[in-house]
Amino acid sequence: MPPVFRPLLVVSALLALAGPTAADSLSDRRASKDSATVADIEVACGKLDKENCAIVAPEINAKTVPVGVRLKPLESKGSVESLNGLCDGDIQIAIVQADVLARRAAKPDCAGKVVGLGSPLYPYQGFMVVREETREDKFGDMIGALKPGAVLRVAAGGAGSGGEATLRAVLANAPEWKQLIDIQPDSSATALNKLRDREIDAFFVMDGPKSPLLQEVRETLDPKTKKRVFKFVDLRPSERLLAVTFNGRPLYATATLESGWFSAIKSISTPAVIAIRDDYYRAQLGLAAKIRQAAEDALPAIAAKAGARPNWRDDFERR
């Protein structure tokens with residue numbers, strides 16, 4: 001090769017190395033820049049396929065990522081574990097049941113450490129699942145039908161679940177029931193199998209109106225009769241529970257699970273809310289304001305995807 005061409009080849013090679021690759025684009029470059037400027041904040045939110053992780057966090061992120069904040073879902077066993085993590089400083093933000101937040105924040109080891117951020121997000125509803133052939137349509141009637149010395153075996157989710165916490169709150173306000181209920185810490189899959197096999201009498205869960213678990217409950221059919229295997233029974237909150245408030249809002253409401261021609265199955269409800277450590281909130285006022293505003297802007301989308309009725313928030317308006 002003539003010597004005169006060698007410098008040109010060297011310069012060409014250097015330009016190729018310095019310039020963008022064929023795969024580079026303005027969109028890639030902007031995405032890389034945006035990714036580097038977005039602050040990721042872990043948020044404890046229960047199972048990754050549940051509403052808190054799969055609906056609430058993404059809908060908030062759609063509003064906050066453009067302004068530099070992204071919630072990164074961190075799986076937990078439920079609202080109880082999420083709040084224990086908040087109280088102990090293992091996490092800064094969580095999406096939890098309001099009733100679990102109210103009780104945990106009132107305990108001495110957590111008092112003043114955790115506060116609610118913004119408005120209710122969507123309603124958790126209590127579903128008491130029993131076998132279809134159960135004669136009673138109300139949980140209270142099931143207790144009333146017990147033989148002397150018998151108890152109702154009720155699964156309420158694994159340790160740290162919001163379902164167990166809410167059920168214990170119901171029983172605390174109905175002391176005549178407390179000694180007649182044996183709460184068992186079975187997860188949803190285990191509980192439904194045990195219920196089908198008559199190893200337990202009922203399964204209680206706090207969940208969103210359109211959760212995959214509830215669809216499974218509604219759609220499970222006996223292969224021989226083609227009839228439903230499970231049904232819901234009535235477990236509406238007492239007047240005493242309906243009078244309880246937290247941050248000026250009612251903590252519980254009555255939800256309609258299923259409507260019939262002459263009656264409806266009703267149950268207890270409490271909202272999902274954002275909980276944040278108070279010291280983190282005070283140190284990051286701007287960031288907290290972005291998350292609160294984003295959640296407020298995303299409320300219609302969150303409610304629609306969670307299956308909430310349009311006016312559900314009326315039950316939890318400030319008093």
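- Looking only at atom types and distance, the side chain of Thr256 has a donor-acceptor partner in the side chain of Lys266 under 3.5 Å away.
- Checked for salt-bridge contact, Asp222 and Lys224 miss the test: no charged N lies under 4.0 Å from a carboxylate O.
- At a threshold of 4.0 Å, the pair Glu164-Arg168 counts as salt-bridged, since one of the basic side-chain nitrogens sits closer than that to a carboxylate oxygen.
- Looking at Arg131 and Glu133, a side-chain N of the basic residue comes within less than 4.0 Å of a carboxylate O on the acidic one, giving a salt bridge.
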Run the side-chain contact (heavy atoms from CB on, under 4.5 Å) test on Met206 and Thr270 for me, step by step, so that the C-alpha distance in whole Å, both residues' side-chain angles and the decisive distance to 0.1 Å come before the verdict.
CA-CA 9 Å; Met206 293 294 289; Thr270 193; 3.8 Å; yes
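- By the 4.5 Å heavy-atom criterion applied to side chains, Thr64 and Leu71 are not counted as neighbours.
- Contact annotation: the side chain of Val229 never approaches that of Leu221 to less than 4.5 Å [non-hydrogen atoms, C-beta and beyond].
- With respect to Asp186 and Lys194, a salt bridge is recorded, a charged nitrogen being found less than 4.0 Å from a carboxylate O.
- For Arg309 and Asn311, the side-chain atoms include at least one donor-acceptor pair closer than 3.5 Å.
- Using a 4.5 Å heavy-atom cutoff, the side chains of Leu287 and Ile41 are in contact.
- Salt-bridge annotation for Asp234 and Arg236: present, with a side-chain N of the basic residue lying under 4.0 Å from a carboxylate O of the acidic one.
- Using a cutoff of 4.0 Å between basic side-chain nitrogens and carboxylate oxygens, Asp201 and Arg153 are scored as salt-bridged.
- Using modelled atom types, one finds no donor on one side chain facing an acceptor on the other under 3.5 Å when comparing Arg228 with Thr220.
- In terms of modelled atom types and a separation under 3.5 Å, the side chain of Ser267 and the main chain of Ala255 share no donor-acceptor contact.
- No side-chain heavy atom of Val233 sits under 4.5 Å from any side-chain heavy atom of Glu136.
- Of the charged side-chain nitrogens involved, at least one lies within less than 4.0 Å of a carboxylate oxygen, so that Asp109 and Arg104 count as a salt-bridged pair.
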Give the intermediate values and the outcome of salt bridge (Lys or Arg N to Asp or Glu O under 4.0 Å) for residues Asp141 and Arg135.
CA-CA 9 Å; Asp141 291 343; Arg135 292 191 304 172; over 6 Å; no
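- Residues Val170 and Leu241 are in side-chain contact: their nearest non-hydrogen atoms beyond the backbone lie under 4.5 Å apart.
- Thr166 and Asp99 form a side-chain donor-acceptor contact under 3.5 Å, judged by distance and modelled atom types alone.
- A salt bridge between Lys227 and Glu132 is absent, with no side-chain N of the basic residue lying under 4.0 Å from a carboxylate O of the acidic one.
- Under 3.5 Å, the side chains of Tyr252 and Asn173 contain no donor-acceptor pair of N or O atoms.
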